[in-house]
Amino acid sequence: MECIQVTRDNIEEEHICCAISNNKDVQVLSKKTWLTERFDDGLVFLNSGEIGKCFIEYIPAENAWNPITADGYMYIDCLWVSGSLKGHGYSSKLLEACIKDSSEKGKKGLCILASEKKKPFLADPKFLKYKGFEVCDEADNGIQLWYLPFAKEVEAPSIKDCAKHPHINEKGYVLYYTNQCPFNAKYVPILEEAAKKNDIAFKAIQILSKEEAQNAPTPVTTYALFFEGEYVTNEQMSDKKFLKLAGK
């Protein structure tokens with residue numbers, strides 16, 4: 001497998017989404033804009049070229065859109081291999097490319113968010129453990145920070161205090177999200193409309209900067225839904241799933 005790095009020069013032609021192929025789709029356009037704005041912060045996006053929907057996205061942890069302390073590490077935003085392509089070693093090859101690049105850049109190691117049991121849109125803990133990652137911190141909502149140090153005596157990353165105990169002081173449903181995940185461009189407006197039609201208290205808060213993301217009330221910032229102040233889920237929802245959750 002030959003990894004292709006997506007840059008400003010080729011982003012219009014390259015595939016960047018886990019499930020959408022149409023470059024004119026609002027979700028793809030949203031994601032490509034977000035990626036392009038992060039390149040100056042050191043973000044790297046590698047895809048599998050001719051193979052299809054396989055990619056890894058990573059960035060120096062100081063610039064990650066997550067409330068973590070991991071100076072000197074590389075943070076993996078996403079490692080994705082679509083279902084039909086699993087079992088061929090593509091995840092390993094993408095991770096190896098990330099390790100090689102990060103080592104050459106003098107990083108202390110890698111870190112990534114996951115959980116004890118596999119959750120949608122988060123890394124597979126079984127795969128991480130197999131590759132030598134360990135849990136270095138955990139928030140009250142079960143979101144864990146995993147790391148792979150490149151040397152034995154390096155300080156482990158941690159989750160910031162603002163996100164260790166996910167809670168907000170707002171009533172109703174409150175959704176924090178970013179455009180890092182392309183699905184939000186489509187589904188957040190759908191949820192807003194569904195909530196309005198069904199008289200459900202709902203507010204969507206788009207995180208627009210690295211600084212906002214690094215002070216968010218939960219480790220996962222791409223999508224974090226709260227209800228009556230308590231964390232609910234990081235899983236993107238359709239209007240039907242949201243209405244079911246709300247008892248409508």
Side-chain angles (χ1 to χ4, degrees), residues 58-59 61-79 108-129 131-149 154-181 183-184 187-188 191 195 200-237 241-242 244-247:
Y58 55 94
I59 190 170
E62 296 86 348
N63 294 326
W65 280 44
N66 301 87
I68 60 174
T69 299
D71 291 355
Y73 280 83
M74 194 72 83
Y75 176 77
I76 300 175
D77 285 333
C78 189
L79 172 57
K108 296 177 182 177
L110 307 179
C111 56
I112 186 171
L113 291 176
S115 58
E116 184 177 0
K117 294 183 179 180
K118 180 71 174 74
K119 290 182 181 291
F121 301 97
L122 289 181
D124 185 346
K126 291 182 179 179
F127 174 77
L128 295 179
K129 187 174 182 179
K131 290 299 179 180
F133 283 78
E134 299 178 12
V135 177
C136 54
D137 206 355
E138 182 172 357
D140 291 348
N141 59 358
I143 302 300
Q144 299 174 329
L145 185 61
W146 291 60
Y147 82 126
L148 178 68
V154 291
E155 184 178 1
S158 62
I159 298 170
K160 288 186 175 182
D161 288 342
C162 62
K164 287 291 288 292
H165 314 288
H167 179 84
I168 60 174
N169 295 317
E170 294 198 51
K171 298 294 184 179
Y173 287 94
V174 179
L175 173 66
Y176 289 83
Y177 74 100
T178 74
N179 282 344
Q180 181 186 337
C181 178
F183 297 122
N184 290 337
Y187 287 103
V188 172
L191 261 59
I200 299 171
F202 177 87
K203 179 168 69 172
I205 300 174
Q206 184 179 4
I207 297 173
L208 297 171
S209 71
K210 172 179 65 179
E211 291 74 21
E212 290 179 5
Q214 292 178 352
N215 290 283
T218 179
V220 178
T221 59
T222 48
Y223 192 102
L225 182 66
F226 290 79
F227 177 64
E228 299 298 313
E230 301 302 320
Y231 175 84
V232 178
T233 185
N234 72 292
E235 183 179 0
Q236 280 87 347
M237 291 186 176
K241 181 171 280 191
F242 173 67
K244 182 178 180 180
L245 175 69

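Side chains included, hydrogens not; waters and symmetry mates left out as well; all remaining heavy atoms used.
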Visitor: Asp137 side chain to Ile159 main-chain N or O, any donor-acceptor pair under 3.5 Å?
Guide: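 A pair under 3.5 Å: yes.
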Visitor: Closest approach of Glu116 and Pro125, non-hydrogen atoms and distance?
Guide: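 In terms of heavy atoms, the two residues are closest at O-CG, 3.5 Å.
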Visitor: One pair to check against salt bridge (Lys or Arg N to Asp or Glu O under 4.0 Å): Glu155 and Lys108. What are the steps and the verdict?
Guide: CA-CA 9 Å; Glu155 184 178 1; Lys108 296 177 182 177; 5.4 Å; no
Visitor: Just so I know, are the side chains of Ile68 and Lys160 near enough to count as touching, which here means a heavy-atom distance under 4.5 Å?
Guide: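 With C-beta onward as the side chain, the pair stays apart.
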Visitor: For Leu113 and Leu145, work out which heavy atoms get closest and say how close.
Guide: CD2-CD1, 3.8 Å
Visitor: Looking at Glu134, is its backbone amide N or carbonyl O close enough to the side chain of Gln144 to form a donor-acceptor pair, meaning the two atoms are under 3.5 Å apart?
Guide: no
Visitor: Would a 4.5 Å heavy-atom cut-off, applied to side chains only, mark Pro67 and Thr221 as touching?
Guide: yes
Visitor: For the residue pair Trp65 and Lys210, establish whether any side-chain heavy-atom pair is separated by less than 4.5 Å.
Guide: yes
Visitor: Tell me, please, which residues at least two apart from Lys203 pass side chain to side chain donor-acceptor pair (under 3.5 Å).
Guide: Glu170
Visitor: Could you tell me which non-hydrogen atom of Pro120 sits nearest to which non-hydrogen atom of Asn234, and how far apart they are?
Guide: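 Where Pro120 meets Asn234 most closely, the heavy atoms are O-ND2, 3.0 Å.
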Visitor: Just by modelled atom types, is the Pro166 backbone N or O under 3.5 Å from a matching donor or acceptor in the Asp140 side chain?
Guide: no
Visitor: Taking the ring of Tyr177 and the ring of Tyr223, is the distance between their centroids below 6.0 Å?
Guide: no
Visitor: Hey, are Glu235 and Lys241 close enough for a salt bridge, meaning a charged N less than 4.0 Å from a carboxylate O?
Guide: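 Salt bridge: yes.
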Visitor: Should Cys78 and Tyr58 count as side-chain neighbours, where that means a heavy-atom distance under 4.5 Å?
Guide: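 Heavy-atom side-chain distance check fails, nothing below 4.5 Å.
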Visitor: Are the side chain of Asn63 and the backbone N or O of Ile59 linked by a donor-acceptor pair below 3.5 Å?
Guide: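 No; zero donor-acceptor contacts below 3.5 Å.
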Visitor: Apply the test side chain to side chain donor-acceptor pair (under 3.5 Å) to residues Thr218 and Asn141: give CA-CA distance (whole Å), side-chain angles for both, the deciding distance (0.1 Å), then the verdict.
Guide: CA-CA 8 Å; Thr218 179; Asn141 59 358; 3.2 Å; yes
Visitor: What is the minimum heavy-atom distance between Ile143 and Pro219, and which atoms define it?
Guide: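 Taking every non-hydrogen atom into account, CG2-CB, 3.7 Å.
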Visitor: Before we go on, tell me: are the rings of Phe242 and Phe202 under 6.0 Å apart, centre to centre?
Guide: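 Ring centroids of Phe242 and Phe202 are less than 6.0 Å from each other.
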Visitor: With a 4.5 Å cut-off on side-chain heavy atoms, are Tyr147 and Val135 touching?
Guide: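 The answer is no; the side chains never approach within 4.5 Å.
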Visitor: Are any non-hydrogen side-chain atoms of Ile205 and Leu175 less than 4.5 angstrom apart?
Guide: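 No, side chains not in contact.
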